[in-house]
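Take a look at the following structure, please.
For clarity, every value in this text was computed on a predicted model and none was experimentally measured.
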Amino acid sequence: MRFRPSSFPRSLLVGALALTSVLSGLPVVHAAPVATGCLDTGVTGTVEEQRLGRGIAGGPSVPAEILRRTGFDKHVELFGRLLCRMPSREAAKQLIRTQGEALWRTAVHRAQHPVSGDDALPSTDDRGLYWARISMALTLRQWQPRFTIGTAERAELIRSLEYASRGITSTRFSPGVRKILVTGFDPFTLDADIRIGNPSGANALTLDGQRWEVNGTTYEIQAVVFPVRYTDFDQNMVEDALAPHYRGGAQHADMVMTASQGRTGIFDLEVFNGRRRSTSSIGDNNNLWGGGTAAAPVVSPSMPSGPEWITSSLPMARMAQADVTPFRTRVNTSVLEIPAGQTAPVRRPLGPTEGSIASEGAGGGYLSNEVAYRNTLQRDLKDPSMPAGHLHVPVLSFDAANKTTITDPTYEANREAIIRGAHAVLRQAL
């Protein structure tokens, strides 16, 4: 896949220019097409990174095909070549953040503009960004610089790449507009199907930087995409991403809506967010378990003090009227609680009872519920009047007959319909 010159992301050109100060004065290096000269490929990546070579039934790597067909393989190669040339820690830090932000801006540009190429994946495909970030993190893990670097320092550089390539460091609103922050998630359950994407992440990419005129008011949208990893939540990535956008922050927003992939065929507006983790049926993208069960839910070690249940303040009745054909919307009030004085979890269709322990919020007991809780907890602590809450978008599915190829017409039509529906739901909130 090749980008047409007229549509090549300006952001990537800006990122390249920003590297001039880093690379000035360095000797010319004629790098090989794939940078391996400064990499120790014997260093094992995380569970998530080890999936980079995975194919279907022993076939070629699915992530490699997705990278090639979205054009992000070139970004990964450029990152490796430049990293091998870094003369100092400061130069490396600047490079990593610059390239992370360029990756994010390139993904946003791609999601919002037509692409060309005989076998290019459609513009709204979110999987290229995910696998490019994973590839670049593995490159950083295997990097052997010409200077000494400690384990903690390397971890901090990987963290910098994560924040920059997820939009977290670039959610800056323009003056004079109403400000909306929307979030999404990476693909997950990749051991079950290495091909899958996450429509909430795709939706975030299509919205970032957009301006909407609604009833004479200009709204600007910024977006970020979160990982499906408990450790990042335990290290307060959600608060780091959202804190600047509550009252008192440098980029105070007028609404914060988190989003994730939920149930088949339905947009769920989740009313009650629970404090605890309880999902034991699936791990995160590093196959780590959150530690809780339905009967014994747990609280993240980094969770700030707060109540068991917090309620969304999004205008849900209005949002539920959005046209999301062929799907439907639901204002979801169902929770799983452990009633006061009891030990067994009970399903409550209309919300929690007084004094109960949160086993599952309306959005479940996984990271979808947790991002919703963390968001609305910060709202309550810092900005109680702000509309904030969570949207579950429908599951993105392949054609039932497709077990091997990385896309098909059903998959593409489903993603486009989910994005249209998500946009319609958001517009109803304004």
Side-chain angles (χ1 to χ4, degrees), residues 9-12 14-15 18 70 72 75 79 96-113 123-137 158-174 177 179-188 197-212 219-229 232-233 235-246 249-261 285 367 371 374-375 378 388 390-391 393 419 422-423 426:
R10 181 177 180 273
S11 60
L12 191 55
V14 171
T70 55
F72 285 108
H75 200 116
F79 179 70
I96 290 161
R97 174 160 176 163
T98 299
Q99 284 293 288
E101 290 187 347
L103 176 63
W104 172 257
R105 291 193 298 267
T106 302
V108 168
H109 182 279
R110 189 182 193 280
Q112 297 178 17
H113 294 82
S123 61
T124 55
D125 198 309
D126 62 303
R127 297 172 293 176
L129 170 62
Y130 173 73
W131 290 115
R133 184 191 302 110
I134 294 298
S135 300
M136 292 163 69
I158 294 173
R159 182 178 175 88
S160 174
L161 173 68
E162 288 281 338
Y163 275 52
S165 64
R166 294 182 176 282
I168 294 173
T169 61
S170 55
T171 52
R172 293 180 288 274
F173 291 99
S174 304
V177 296
K179 304 172 180 66
I180 310 299
L181 184 68
V182 175
T183 76
F185 271 102
D186 286 346
F188 65 110
N198 191 322
S200 71
N203 178 60
L205 291 173
T206 64
L207 288 171
D208 189 56
Q210 289 290 303
R211 284 194 172 198
W212 290 357
Y219 295 86
E220 185 173 284
I221 306 167
Q222 294 290 326
V224 302
V225 174
F226 289 121
V228 183
R229 295 190 299 250
D232 295 83
F233 276 58
Q235 294 168 2
N236 295 114
M237 179 185 278
V238 174
E239 288 79 5
D240 289 346
L242 303 187
H245 307 294
Y246 300 112
Q251 289 285 314
H252 177 224
D254 297 291
M255 184 175 78
V256 179
M257 187 181 79
T258 55
S260 60
Q261 179 179 247
N285 275 350
L367 291 173
V371 75
R374 287 177 181 267
N375 175 28
Q378 292 301 307
H390 191 79
L391 172 69
V393 304
I419 290 171
H423 285 205
L426 178 60

Seminar exercise, completed: Tightest non-hydrogen contact, residues V393 and A422, listed as CG1-CB, 4.4 Å
Exercise. Quick one: does D232's side chain have a donor or acceptor within less than 3.5 Å of a partner on P227's backbone?
Worked result: no
Problem set entry | Over all atoms of both residues, closest heavy-atom pair of G184 and A204 | N-CB, 4.2 Å
Exercise. If you take all heavy atoms of A223 and L181, which pair is closest and at what distance?
Worked result: N-CD1, 4.2 Å
For this session: Give a yes or no on whether the backbone of N203 and the side-chain of D208 come within a donor-acceptor separation of less than 3.5 Å.
Result: no
For this session: For R159, check side-chain hydrogen bond (donor to acceptor under 3.5 Å, both in side chains) against everything at least two apart and list the hits.
Result: Y163, Q235, D240
Problem set entry | Evaluation steps, side-chain contact (heavy atoms from CB on, under 4.5 Å), between L103 and F72 | CA-CA 8 Å; L103 176 63; F72 285 108; 3.6 Å; yes
Exercise. Which value, rounded to the nearest 0.5 Å, describes the distance between T183 atom OG1 and M257 atom CE?
Worked result: 8.0 Å
Exercise. With a 3.5 Å cut-off and no angle check, do the side chains of T124 and R110 form a donor-acceptor pair?
Worked result: no
Problem set entry | CE on M136 to CZ on F79, rounded to 0.5 Å | 4.5 Å
Problem set entry | For S160, side chain to side chain contact (heavy atoms under 4.5 Å, CB included) partners two or more places apart | I96, R97
Exercise. Can E220 and S174 be counted as having a side-chain donor-acceptor contact under 3.5 angstrom?
Worked result: yes
For this session: Mind checking side-chain hydrogen bond (donor to acceptor under 3.5 Å, both in side chains) for R133 and listing every partner two or more places apart, or none if nothing turns up?
Result: S165, D186
Exercise. Would you say R166's side chain and V225's backbone share a donor-acceptor pair under 3.5 angstrom?
Worked result: yes
For this session: To the nearest 0.5 Å, tell me how far I168 CD1 sits from E101 CD.
Result: 11.0 Å
Problem set entry | Non-neighbouring partners of S260 that pass side chain to side chain contact (heavy atoms under 4.5 Å, CB included), sequence neighbours left out | F185, S368, H390, H392
Problem set entry | Y130 versus D125, side-chain donor and acceptor atoms under 3.5 Å | no
Problem set entry | Over all atoms of both residues, closest heavy-atom pair of A137 and L161 | N-CD2, 3.7 Å
Seminar exercise, completed: For Q378, the side-chain hydrogen bond (donor to acceptor under 3.5 Å, both in side chains) test, sequence neighbours excluded, returns K382
Exercise. Does some side-chain heavy atom of W104 sit less than 4.5 Å from a side-chain heavy atom of T169?
Worked result: no
Exercise. Can Q222 and Q251 be counted as having a side-chain donor-acceptor contact under 3.5 angstrom?
Worked result: no
Exercise. What is the minimum heavy-atom distance between D126 and P187, and which atoms define it?
Worked result: OD2-CG, 3.8 Å
For this session: Kindly indicate whether the side chain of V177, heavy atoms from C-beta on, has any atom under 4.5 Å from the side chain of R211.
Result: yes
Problem set entry | W131 vs T70 side-chain heavy atoms within contact, under 4.5 Å | no
Problem set entry | Test side chain to side chain contact (heavy atoms under 4.5 Å, CB included) applied to A111 - qualifying residues, sequence neighbours left out | L205, T206
For this session: Give a yes-or-no answer on whether the side chains of H245 and T171 include a donor-acceptor pair shorter than 3.5 Å.
Result: yes
Exercise. Can the ring centroids of H252 and F173 be said to lie less than 6.0 angstrom from one another?
Worked result: no
Exercise. Heavy-atom distance under 4.5 Å between the side chains of R374 and F233, does that happen here?
Worked result: yes
Exercise. Looking at Q261 and F188, what are the two nearest heavy atoms and their distance?
Worked result: NE2-CE2, 3.8 Å
Exercise. Taking H109 for the side chain and R105 for the main chain, is one N or O donor matched with an acceptor at less than 3.5 Å?
Worked result: no
Exercise. Are side-chain heavy atoms of I180 and L426 found at a separation under 4.5 Å?
Worked result: yes
For this session: Evaluate salt bridge (Lys or Arg N to Asp or Glu O under 4.0 Å) for R229 paired with E162, printing each intermediate quantity in order.
Result: CA-CA 12 Å; R229 295 190 299 250; E162 288 281 338; 3.0 Å; yes
For this session: Could you tell me whether a side-chain N or O of D254 sits under 3.5 Å from a main-chain N or O of K179, the two making a donor and an acceptor?
Result: yes
Problem set entry | Full working for side-chain contact (heavy atoms from CB on, under 4.5 Å) between V256 and L242 | CA-CA 8 Å; V256 179; L242 303 187; 4.2 Å; yes
